[in-house]
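We name chains A, B, ... by the order of the sequence lines, and we start the count at 1 in each one. Model, not experiment: these values are computed from the prediction.
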Number of protein chains: 2
Amino acid sequence: MLSAIMEDYLKAIYYLQGETDERVRTSTLAEHMGVEQPSVTSMVKKLAKRDFVHYEPYKGVVLTDTGIPVALEIIRHHRLLERYLTERLEYDWAEVHDEADRLEHHISNQFADRIAEQLGNPAVDPHGDPIPTADLDVSPPQSGETLADQQVGDKVRIERVPDNDPDLLRYLSEHGITPTTVVEIVETTSFGMVTLDPDGTDERVALPEEVARSITAQTLTGASN
Amino acid sequence: MLSAIMEDYLKAIYYLQGETDERVRTSTLAEHMGVEQPSVTSMVKKLAKRDFVHYEPYKGVVLTDTGIPVALEIIRHHRLLERYLTERLEYDWAEVHDEADRLEHHISNQFADRIAEQLGNPAVDPHGDPIPTADLDVSPPQSGETLADQQVGDKVRIERVPDNDPDLLRYLSEHGITPTTVVEIVETTSFGMVTLDPDGTDERVALPEEVARSITAQTLTGASN
DNA sequence: TTATAAACTTAGTCCCGTCTAATTTCGCTC
DNA sequence: GAGCGAAATTAGACGGGACTAAGTTTATAA
Ligand SMILES: [Mn+2]
Ligand SMILES: [Mn+2]
Ligand SMILES: [Mn+2]
Ligand SMILES: [Mn+2]
């Protein structure tokens with residue numbers, strides 16, 4: 001009916017168009033999928049012919065109302081699998097992404113619903129990303145803020161971390177940083193380094209600003225308090 | 001590395017060549033895979049070039065020592081998944097086959113080992129088929145006998161049932177026939193009907209001889225006792 | 001307003017796994 | 001050992017998804 005590859009394209013388009021429904025450019029999609037641009041052009045034409053995306057040559061693509069639920073279904077599968085693997089099959093949160101990225105295309109909705117039930121219908125995956133419900137409602141991001149937006153002295157609660165970099169995930173969990181962790185910003189430098197103090201420990205954790213910008217967090221108290 | 005389709009061919013060849021290492025003919029394989037003969041010829045050439053099978057034109061194929069472990073790995077995945085789905089995710093034994101037949105190609109060995117561990121390394125799947133161990137040892141069939149080989153009055157213990165016919169599986173479980181069930185043969189007819197009495201109940205269960213021949217069973221006591 | 005670089009699409013090729021139609025080989029009977 | 005039907009193979013095509021090379025379009029900036 002719809003190949004695993006096509007599903008990955010739809011998922012990527014969903015992710016890249018973000019909240020703002022921006023058109024996703026061929027080059028962006030090519031970069032993200034790890035293929036050359038002509039492969040993308042050829043694929044988006046097929047997706048457009050089957051009405052999963054609006055495609056305007058030279059302008060990019062946007063998901064249609066047909067495409068969105070397909071993307072959300074796959075995302076639901078992915079995040080439920082990640083949660084199930086970590087909670088029930090003793091996977092480390094750094095390992096789950098690749099396994100989930102394959103299996104998401106091959107489990108039935110029944111399978112997804114069963115593991116959701118086993119887990120008590122969790123709202124978020126191990127990286128803090130929201131899990132769409134069975135009828136594909138997805139909660140909006142709690143805040144748009146990232147660790148890079150903070151001032152020295154701010155205390156913030158980590159919301160979500162990127163899920164596709166095992167090394168980073170291992171580093172973060174080794175230093176006690178996971179979603180719901182509270183950290184204080186202890187230093188920011190002009191050359192792009194952010195230093196954190198997790199939870200009231202004395203440990204310092206340093207992150208490049210680009211990484212800090214990929215971690216979202218909710219402000220608890222400002223430096224002014 | 002090896003496509004899901006190729007894995008299914010190898011699994012089919014393993015199944016069809018059976019214990020006896022008979023050559024599997026193109027037509028048999030085509031029938032079993034639900035494809036036309038030229039598709040099989042073309043595929044077995046590819047498998048032969050990659051040394052998974054010995055192929056002799058017009059004579060058929062046999063798995064090589066390279067091909068056998070690949071087939072066994074997939075069979076291990078399949079049967080572990082069936083067991084996991086029935087035991088942990090509330091699937092009915094009639095439903096598990098199709099889900100397992102897809103997922104078997106996409107779970108990692110790590111995933112398989114984890115669910116095996118969760119289940120306590122079971123020896124058989126829900127249909128009574130042996131599950132190869134992590135190092136791919138597979139126990140030989142307990143006996144070669146089937147329900148069609150029995151005499152009236154014999155008591156036998158059901159060993160394994162075919163796993164790919166949901167209607168049959170539903171029928172059997174509704175009438176209390178599963179692996180390890182003990183049944184008595186109460187009637188066999190010249191026109192190919194076998195009637196059973198499960199376990200000491202008064203219920204009669206009738207099966208066509210062809211179906212009876214697909215169910216293996218171990219003789220407990222003969223009519224002469 | 002036009003030149004130029006970057007982005008994008010088109011054209012053509014390849015491998016995969018399937019198909020139909022045509023041909024060859026096998027195995028058996030006479 | 002010739003003939004014949006069944007089984008298998010070869011030939012050629014197609015859709016999926018990728019690639020490289022070549023040609024367009026767009027955006028930008030002189
Ligand atoms: Mn994927
Ligand atoms: Mn995740
Ligand atoms: Mn399969
Ligand atoms: Mn089975």
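- Atom CG in A:L10 sits roughly 15 Å away from atom C1' in D:dG17 (whole-Å rounding).
- Aromatic ring orientation, B:H106 versus A:H106: parallel (interplanar angle below 30°, classes split at 30° and 60°).
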Given the rule in the side-chain hydrogen bond (donor to acceptor under 3.5 Å, both in side chains) test, do B:Y91 and B:E99 qualify, once you have shown the distances and angles that lead to the verdict? CA-CA 10 Å; B:Y91 276 68; B:E99 188 97 43; 3.0 Å; yes
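- Residues forming a side-chain hydrogen bond (donor to acceptor under 3.5 Å, both in side chains) with B:D113 (at least two apart in sequence, or on another chain): B:R76.
- Between A:E187 and A:V152, the shortest heavy-atom contact is CA-CG2, 3.8 Å.
- Non-hydrogen atoms lying under 4.0 Å from DNA chain C are contributed by A:Q37, A:P38, A:T41, A:K45, all within residues 35-47 of chain A.
- Here the C1' atom of nucleotide D:dG16 and the CG atom of A:D8 are 15 Å apart, to the nearest Å.
- For C:dT18, one of the phosphate oxygens OP1 or OP2 lies less than 4.0 angstrom from a side-chain nitrogen or oxygen of B:Y9.
- Residues A:L29 and A:V44 are in side-chain contact: their nearest non-hydrogen atoms beyond the backbone lie under 4.5 Å apart.
- Between the CZ atom of B:R23 and the P atom of C:dG27 there is a distance of 12 Å, given to the nearest Å.
- Closest heavy-atom contact between B:W93 and B:P179: CZ3-CD, 3.6 Å.
- Atom pair B:M33:CE and D:dA8:C1' shows a separation of 18 Å (rounding to whole Å applied).
- Listed pair A:S27 / C:dC8 meets the phosphate criterion, a side-chain N or O lying under 4.0 Å from OP1 or OP2.
- Every pair passing side chain to side chain donor-acceptor pair (under 3.5 Å) that includes a residue from residues 23-41 of chain A is listed here, sequence neighbours excluded: A:R23-A:E56.
- Atom pair B:H105:NE2 and C:dC16:P shows a separation of 18 Å (rounding to whole Å applied).
- By the salt bridge (Lys or Arg N to Asp or Glu O under 4.0 Å) test, B:D167 pairs with B:R170, sequence neighbours left out.
- Rounded to an integer number of Å, the gap from A:L2 CG to D:dG16 P is 11 Å.
- Contacts of A:E95 classified as salt bridge (Lys or Arg N to Asp or Glu O under 4.0 Å), with partners at least two apart in sequence or in another chain: none.
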Show me the protein contacts with nucleotides 23-26 of chain C, counting only N or O atoms at under 3.5 Å.
from: C:dT25; atom 1: O4'; to: B:Y58; atom 2: OH; distance (Å): 3.3

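- As rounded to whole Å, 14 Å separates atom C1' of C:dA7 from atom CG of A:L29.
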